[in-house]
Amino acid sequence: MKKILATLLTFVLVMSASITAFGATTNDVDKTLESSLKFAYGDKTSFDVSESKDYYLFLCAGGQDEKIKESYFNSVKKALDGGEKFDIGTLALIISNMKISNENPTDFKGYNLVDLFGKTELGEFDNVYTYMYASDIALSFGFETLEKQLCDAMVSKYIKGEGTDFWGGWGTSADDLSVFITTLSVCYDDYKEYIEDAVSLLKGCNTEAGYDNYGANANSTAMALAAYVSIDEKELADDAYNKLMLFYNKETGGFNSNYDDVLATKDAIFGLSKYRSVADFDDVSTGKDEDEKPTNPIVDNKDTNSVKTENEPQAPVKSPATGGESVVFAAFAMLAAGGMMIVSKKKK
């Protein structure tokens with residue numbers, strides 16, 4: 001009898017471990033992104049350049065609206081015409097928005113933002129949380145020296161075994177570690193020891209209720225999810241996804257938080273949009289799982305406006321922001337493109 005019970009217990013433990021290892025399908029992620037978009041940005045009718053991160057997340061969630069797009073890029077043009085100087089993170093977000101929106105950042109209304117990005121120096125008062133966007137753009141356009149500068153800047157604020165010190169003595173956190181990992185992922189081999197150390201510390205923030213930062217929360221869990229995707233750690237990403245969904249509120253369509261549900265939902269959008277590139281593929285025309293995922297976007301780094309996809313689903317879906325027929329996979333293709341370029345460079 002004891003042997004039978006022991007066997008059953010082992011089976012239960014194995015099944016429990018297996019369940020946490022399973023992630024989601026692209027349809028699962030799309031549905032959550034759709035409701036999250038409505039919850040976080042349902043009343044938005046415009047974005048200006050100061051809201052570049054929010055517009056980025058809006059696009060990440062599949063939002064498409066021509067009037068909003070026109071308003072945002074008019075704001076960018078007005079700022080450039082007025083001589084406004086952007087930090088490197090903001091420039092990276094603007095360029096990311098252009099890529100997703102099929103705008104040419106090398107020739108935007110008379111401005112070459114890629115050239116401007118390459119000439120922008122890191123600043124003492126930069127928001128280091130935006131360096132992960134900048135490192136991705138640096139990789140996209142072949143700015144290898146800038147990639148290393150961004151990574152070195154992050155490493156200068158890191159102590160092995162202890163983690164980051166972004167804020168002058170306040171110590172590390174799951175969020176900080178995730179940003180650190182995501183930024184360095186573009187040069188994985190050159191910073192492998194630091195990334196592995198940070199991953200070890202990040203795992204220590206994992207609880208049954210989610211990733212902990214003054215309590216388990218959706219924000220930290222979403223950031224950890226994005227970090228694991230950036231270094232191609234699928235099992236860890238699947239687990240983080242399952243933990244993130246513990247905070248999902250089916251009634252509101254957003255994510256719960258003890259502080260701000262909208263901010264939690266925005267972070268969830270970031271993590272989920274990255275996770276979609278590694279989620280199990282669904283055939284959107286049938287809703288059934290396919291044995292194979294679609295071929296990753298083919299990106300020519302010399303011409304980042306030329307993105308080709310093979311076997312990409314063709315069935316249109318409604319834009320959650322406009323209700324009109326649109327193909328949100330265009331946005332996801334561009335996002336996946338950045339992710340696939342990172343994967344192609346790391347872990348050689």
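The chain is numbered in sequence order, starting from 1.
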Test applied, side chain to side chain donor-acceptor pair (under 3.5 Å); reference residue, Tyr129; option that passes from Thr183, Thr182, Asp176, Asp175: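 Testing each of Thr183, Thr182, Asp176, Asp175 against Tyr129, the sole residue satisfying side chain to side chain donor-acceptor pair (under 3.5 Å) is Asp176.
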
Under 3.5 Å donor-acceptor pairs involving side-chain atoms of residues 251-258, not counting sequence neighbours:
residue, atom, partner, partner atom, Å
Thr252, OG1, Gly254, N, 3.1
Asn256, OD1, Asn249, ND2, 3.1
Ser257, OG, Tyr259, N, 2.9
Ser257, OG, Asp260, N, 3.2

Is the closest side-chain heavy-atom distance between [X] and [Y] below 4.5 Å?
X      : Y      : value
Ser277 : Val229 : yes
Phe141 : Pro105 : yes
Ser101 : Leu59  : yes
Thr221 : Phe247 : yes
Met154 : Phe166 : yes
Trp167 : Val128 : yes
Asp136 : Ser140 : yes
Ser220 : Asp212 : no

Non-hydrogen atoms of [X] and [Y] that approach each other most closely:
X      : Y      : value
Thr164 : Ser173 : OG1-N, 4.4 Å
Glu51  : Ser46  : OE1-O, 4.0 Å
Leu201 : Glu162 : CD1-C, 3.7 Å
Val179 : Met223 : CG2-CE, 3.6 Å
Gly62  : Leu37  : C-CD2, 4.3 Å
Asp165 : Gly171 : OD1-N, 4.1 Å

Between [X] (side chain) and [Y] (backbone), is there a donor-acceptor pair under 3.5 Å?
X      : Y      : result
Ser36  : Leu33  : no
Ser52  : Val49  : yes
Thr172 : Gly163 : no
Asn104 : Phe108 : no
Ser71  : Lys67  : no
Thr32  : Asp28  : yes
Asn97  : Leu93  : yes
Thr130 : Asp126 : no

Ring centre gap for Phe117 and Phe86 strictly below 6.0 Å: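 Not close enough - the centres of the two rings lie 6.0 Å or further apart.
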
Centroid-centroid distance, Tyr72 to Phe47, less than 6.0 Å: no

Residue [X] excluded, over 12 heavy atoms near [atom1] under 6.0 Å:
X      : atom1 : answer
Lys44  : NZ    : yes
Lys148 : NZ    : no
Lys31  : NZ    : no
Glu196 : CD    : yes
Lys53  : NZ    : no

Stepwise side chain to side chain contact (heavy atoms under 4.5 Å, CB included) test for Ile231 and Val199: CA-CA 10 Å; Ile231 56 173; Val199 168; 3.6 Å; yes

Stepwise side chain to side chain contact (heavy atoms under 4.5 Å, CB included) test for Leu150 and Leu184: CA-CA 8 Å; Leu150 289 160; Leu184 266 61; over 6 Å; no

I'd like to know if the side chain of [X] pairs up with that of [Y] as donor and acceptor (distance under 3.5 Å, no hydrogens or angles considered).
X      : Y      : answer
Tyr188 : Asp232 : no
Tyr191 : Asp152 : yes
Asn112 : Thr106 : no
Asp48  : Asn74  : no
Asn27  : Thr25  : no
Asp54  : Tyr41  : yes

side-chain hydrogen bond (donor to acceptor under 3.5 Å, both in side chains) evaluation trace for Asp238 with Tyr275: CA-CA 8 Å; Asp238 286 342; Tyr275 179 69; 2.6 Å; yes

What's the spacing between [X] [atom1] and [Y] [atom2] if we round to 0.5 Å?
X      : Y      : atom1 : atom2 : value
Thr265 : Phe270 : OG1   : CZ    : 15.5 Å
Ser50  : Glu84  : OG    : CD    : 8.5 Å
Cys151 : Leu146 : SG    : CG    : 9.5 Å
Gln64  : Ile100 : CD    : CD1   : 10.5 Å

Leu236 and Leu225: CA distance, side-chain angles, deciding distance, side chain to side chain contact (heavy atoms under 4.5 Å, CB included) verdict: CA-CA 8 Å; Leu236 290 173; Leu225 172 60; over 6 Å; no

Remaining members of the apolar cluster that contains Phe39, side-chain heavy atoms under 4.5 Å: Val262

Sidechain N-carboxylate O distance under 4.0 Å for Glu208, Lys243: no

Those residues that, when tested against Thr207, pass side chain to side chain donor-acceptor pair (under 3.5 Å) (two or more places apart):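 Partners of Thr207 under the side chain to side chain donor-acceptor pair (under 3.5 Å) test: none.
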
Evaluation steps, side chain to side chain contact (heavy atoms under 4.5 Å, CB included), between Asp280 and Thr26: CA-CA 6 Å; Asp280 296 327; Thr26 52; over 6 Å; no

Option among Val186, Ile88, Leu91, Ile95 that satisfies the side chain to side chain contact (heavy atoms under 4.5 Å, CB included) test with Ile137: Ile95

hydrophobic_cluster_shared for Leu177 and Tyr214, side chain cutoff 4.5 Å: no

Distance under 6.0 Å and angle within 45° of ring axis: Lys234 vs Tyr228: no

Test salt bridge (charged side-chain N to carboxylate O under 4.0 Å, His left out) applied to Glu103 and Lys69, step by step: CA-CA 10 Å; Glu103 294 287 333; Lys69 174 183 174 180; 3.5 Å; yes

Parallel, tilted or perpendicular, as decided by the 30° and 60° cut-offs, for the rings of Tyr55 and Phe73: perpendicular

